[in-house]
Structure formats: C-alpha cells, structure tokens
Colleague: 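Before I ask anything, here is the structure I am working with.
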Protein chains: 2
Amino acid sequence: MENDQTLALLDFFKALAEPNRLKIVGLLAREDLAVEQIAAMLNLRPSTVSNHLSYLVHAGLVSARPQSYYNVYHLEVTALQEMARRLLSHETLQAAAADVDLDAYDRQVIRNYTGPDGRLKQLPSQFKKMQAVLRYVVQVFEPGVRYSEKEVNERLARFHDDTATLRRELVEQGLMAREGGGGQYWRVVSED
Amino acid sequence: MENDQTLALLDFFKALAEPNRLKIVGLLAREDLAVEQIAAMLNLRPSTVSNHLSYLVHAGLVSARPQSYYNVYHLEVTALQEMARRLLSHETLQAAAADVDLDAYDRQVIRNYTGPDGRLKQLPSQFKKMQAVLRYVVQVFEPGVRYSEKEVNERLARFHDDTATLRRELVEQGLMAREGGGGQYWRVVSED
DNA sequence: GAATTAAATCGATAATGATCGAATTAGTTA
DNA sequence: TAACTAATTCGATCATTATCGATTTAATTC
C-alpha cells in the first residue's frame, strides 16, 4: 500500500462496509442529524453511533458542526461523489497495486526450474510457467541489437539444449521478432 | 437493510475494504492472473488468496475462467463501474435507510416530556426537541381545514397552557400557516 | 495407473471491530 | 455555583475475519 491515494480509498471502503454505517449515510442524505437522533432511529447506544461516525468523519464523508452544546453531523455529498468518480478511472485501481512485487511469481518459477549452474532442468509444459521462463531468458538479448539465428542459438544454449523450442516460443509470445524469412532476430521491448 | 440493492452495495464495499483485496483488484486491472501468481506477488498462501477471491467473486467484481486445470481470474470492469455510477445517484443512498424507524427520536422526546395524562410537563428549550414536540401536536389539526385563532388555542390547550408559544412556533417552523393578519390558520402538509 | 499440480475447503488461531455501560468532558440552564 | 445534557472516550465482551497448514478435489503429465 504505502500510497496516500490508496489509503484514502481503503478508508472510504472501510467506512461504508458496515450495515449501520450505510444506514447512517442514508439518513444523513435526507437531513443533518445529531448523534442522539441517529441512535434513536437505529436503536443503538449513542456511544456506538459516535464510534461509527468517527469512521465516516475519518474518511471525509461526514463532517461535524457544533451547535449550541451538541454536534450536528452533515453528509459531504461532494466528497462521496468525488470518490465514486475516482473509481471510474483505471489508474486509481492500478495504483492500488503500485508497490506489489510483480516479478515474484516469475522468480519462483525460475527457482524451481533452474539448477545450481543456472541452466533449466527442463522446459515447463504449463503455459504460465513457460511465459515466466521466456521473460527470464530473453534478458540475454540487448534491446536494439540484431542477432543471426546462430547467435540466438548460442545464447539460448546457456539455458537449455532445446534451443529451437525456446527460439520459436520467444517469437510466438512476442518477446522477440524475426525479419521475414531472413536470419535476423531482435528483442521486442514491452510497453509496461 | 432487507433491501436487495443495498445488500449488493454492502457486499461491494466489504469486498474492497481490505488492503490485500484492493491490491488483487489492482493486479487484475493489469492482466488476468491465476491464484498461484497472485499468491506469489502478495507473499500470501494460495488458500488465503482463494478466500479473498471468493469475496470479490461474490460481489460480482471478479470472475473465474477454468483454463486447463487451473483457474484464471478476471476483473469485471463494467460491474465495478456500474457500482461506482450507482453511488453517484442520491436515491441509492436514501434506499440504504429505507427500513429505518425515522420517528423513533420524536417518540422518545414525547415520552420524556408528557405525563400520564398526555399533556406536556414543559416546553423544551432545545431546538431539536421543540421540533419533535411540534410535529407531535400539529397532528390534532386536520389537513385542509381552516381554524380560527380561538379554535387553534383550544386544541393546543390540550397539551400545554402556553398556547401562544406553541402557536407561534408552529407557524415559525412552517408546520402551520396563517392568512395575512386575519385569524385563519391551517396545517401545512409536508412533501416527505 | 501413478505421480504431479492448482485450487478449494476445513480447522485452528490471532487480530480487528461492533457494541454496550460507565466515566469523563464540555457546554447550558437555572 | 449547581444541576443537567450531549457527546466522546474508555474498558470489556462477543462476533467476524484474515491467515495459515493440512486435507481434499480435480485435472494433467509421464
């Protein structure tokens, strides 16, 4: 997590992920109310309602206005709609996974399929795992450099004897490209 | 609660109100993933991830597609945006408080201020409570009927001797209206 | 058919949170 | 100043749930 944006999003969801708090928001959508009034309507003790309201205030969905010697709570409709609007954008969700270790699975597969010499003990039959292996081996090719088929095979041979399969899969998965018919290969750089 | 719409809303919030589940959604926003992959990325056991995914599936935010002999999970972006859009409408929130006892607070105030004879022991000084009392006493007037000031006082006297204050407050709070200067009063019907 | 693999389910544990009553705070009325 | 009122905070209890390891299920590979 770590991310400010995402923490706010989490507080937002936590605030609304409880039945009585949803009801409180529904009541405040009609009119401003004091703790005592909400407590009577929901048949809860004022201390309980106070606790619920603290979640809503912390999420910025509700504000308290002192009036004479009690507090009147008010729904911040704009804050709520702002959050909802933010949910409609794709970047918001991707940011939630900002600090996740995206390569952890690949490393796990590599660890299982390579011996102490760094060579592949075998080629995975599973699609997922083959992809992880391919993303690993493709790193021996420099972006922007052209390689002959012989050079490609030499480099792939460091990992496994079946260089033909590796080469074909690399092209099929779009990690490398080949000039039509000729012997020129190069690494494709992903846009991620 | 009881309400289908609201229950779905609650499941939606519950599904997203947990840090690791938010991260899973963020990961699935990039690409479809299998349980094992997610588990490696988040450094959690597959059983834990499976549990989290069941919440997301139940909320309709994620779907599972069997592929060879494992499951590939997919983010239902449209379902998520549909929920977000629903949040932007006011009716959705009001529906959350559909089955709440809106008059519970008023009854509580009336109970505290009336004696066994049904008369008011005193008039509340607090604004909130006075409003509750006024909503109570105004019910002795029929909607659509016009009353002289004398008739108004007679009816209010059933509740308290200070009929002048009650009459003035009823008009001030918009619960009754008076014809300019003349002695004609009538009950105002609220739109709620 | 036997061994392997991914995922789900189950049982247990530890952490979080919903709720209440009691005590405290702060502002109000008399 | 004293008594009152609304709200918050505190301490305790009970329910929910996040997590793990072990077991089970189902599909795959050899």
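Note that this is a predicted model, so its numbers are computed, not measured.
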Colleague: If each of A:Thr48 and B:Gln126 is mapped to the nucleotide of DNA chain C with the nearest heavy atom, which maps nearer the 5' terminus, i.e. the 5' end?
Modeller: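 Looking at DNA chain C, the more 5' nearest nucleotide goes with A:Thr48.
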
Colleague: Considering just the side-chain nitrogens and oxygens of A:Asn71, establish if one lies under 4.0 Å of OP1 or OP2 belonging to D:dT8.
Modeller: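 Checking A:Asn71 against D:dT8: at least one side-chain N or O falls below 4.0 Å of OP1 or OP2.
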
Colleague: Take the protein atom CZ of B:Arg65 and the nucleotide atom C1' of C:dA6, then report the distance between them rounded to whole Å.
Modeller: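 So the two atoms are 16 Å apart, to the nearest Å.
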
Colleague: Looking at A:Asn51, does any N or O in its side chain come under 4.0 Å of the phosphate oxygens OP1/OP2 on D:dT8?
Modeller: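 Indeed not, no polar side-chain atom of A:Asn51 lies that close.
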
Colleague: So, OP1 or OP2 of C:dA18: does either fall under 4.0 Å of a side-chain N or O from A:Arg45?
Modeller: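 Indeed not, no polar side-chain atom of A:Arg45 lies that close.
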
Colleague: Roughly how many Å is it from CG in A:Leu33 to C1' in D:dA6, rounded to a whole number?
Modeller: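 A:Leu33 atom CG is separated from D:dA6 atom C1' by 15 Å.
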
Colleague: To the nearest Å, how far apart are B:Tyr70 OH and D:dA27 C1'?
Modeller: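 In whole Å, D:dA27 C1' lies 12 Å from B:Tyr70 OH.
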
Colleague: Rounded to whole Å, please give me the gap between CG in B:Leu53 and C1' in C:dA6.
Modeller: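 About 13 Å, once rounded to whole Å.
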
Colleague: Of the listed nucleotides (D:dA22, C:dA7, D:dT8), which one gets closest to any side-chain atom of B:Ser47?
Modeller: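 When the side chain of B:Ser47 is considered, D:dA22 is the closest of D:dA22, C:dA7, D:dT8.
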
Colleague: Step through it carefully: locate the ring centre of A:Tyr185, locate the ring centre of A:Phe141, and say whether they are under 6.0 Å apart.
Modeller: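 A:Tyr185 vs A:Phe141: aromatic centres not under 6.0 Å.
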
Colleague: Mark yes when over 12 heavy atoms from residues, nucleotides or ligands other than A:His58 sit less than 6.0 Å from its NE2; otherwise mark no.
Modeller: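 No.
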
Colleague: Between A:Tyr136 and A:Phe159 (judged by ring centroids, cut-off 6.0 Å), do the two rings come close enough to count as a pair?
Modeller: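 Between A:Phe159 and A:Tyr136, which both carry aromatic rings, the centre distance is below 6.0 Å.
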
Colleague: Pick the closest DNA chain D nucleotide for A:Gln122 and for B:Leu44 by heavy atoms, then say which residue is nearer the 5' end.
Modeller: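 Result: B:Leu44.
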
Colleague: Closest approach to the side chain of B:Val35, judged atom by atom: which nucleotide of C:dA7, D:dA18, C:dA22 is it?
Modeller: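 Of C:dA7, D:dA18, C:dA22, C:dA7 is nearest to the side chain of B:Val35.
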
Colleague: Rounded to the nearest angstrom, tell me the gap between atom CG in A:Asp11 and atom P in C:dG17.
Modeller: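 A:Asp11 atom CG is separated from C:dG17 atom P by 10 Å.
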
Colleague: Rounded to whole angstrom units, what separation is found between the CZ atom of B:Arg21 and the P atom of D:dT16?
Modeller: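 Atom-to-atom, B:Arg21 to D:dT16, this comes out as 16 Å.
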
Colleague: Is any side-chain N or O of A:Lys129 closer than 4.0 Å to OP1 or OP2 of C:dA6?
Modeller: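 Result: yes.
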
Colleague: Decide whether a cation-pi geometry holds between B:Lys128 and A:Tyr70; the criteria are a distance under 6.0 Å from NZ or CZ to the six-membered ring centre and an angle within 45° of the ring axis.
Modeller: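 Judged by the rule (NZ or CZ under 6.0 Å from the ring centre, within 45° of its axis), B:Lys128 counts as positioned above A:Tyr70.
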
Colleague: On the six-membered ring of A:Tyr147, is A:Arg155 placed so that its NZ or CZ lies under 6.0 angstrom from the centre and within 45° of the ring axis?
Modeller: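 The answer is no, since A:Arg155 fails at least one limit relative to A:Tyr147.
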
Colleague: Examine C:dA6: is either OP1 or OP2 under 4.0 Å from a nitrogen or oxygen in the side chain of B:Tyr73? Give yes or no.
Modeller: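 For C:dA6, OP1/OP2 do not have a side-chain N/O of B:Tyr73 under 4.0 Å.
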
Colleague: When the nearest nucleotide of DNA chain C is assigned to A:His52 and to B:Ser125 on a heavy-atom basis, which residue is associated with the more 5' position?
Modeller: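 Looking at the nearest nucleotide for each, A:His52 comes out on the 5' side.
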
Colleague: Between B:Leu10 (CG) and D:dT16 (P), how many Å, whole number?
Modeller: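 So the CG-P distance, B:Leu10 to D:dT16, works out to 13 Å.
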
Colleague: Tell me the interatomic distance from A:Glu18, atom CD, to C:dG17, atom C1', rounded to whole angstroms.
Modeller: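 From A:Glu18 CD to C:dG17 C1': 9 Å.
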
Colleague: What does B:Tyr69 touch in the nucleic acid at a heavy-atom separation under 4.0 angstrom: a base, only the sugar-phosphate, or nothing?
Modeller: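 The answer is base, as B:Tyr69 lies within the cut-off (heavy atoms under 4.0 Å) of a base atom.
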
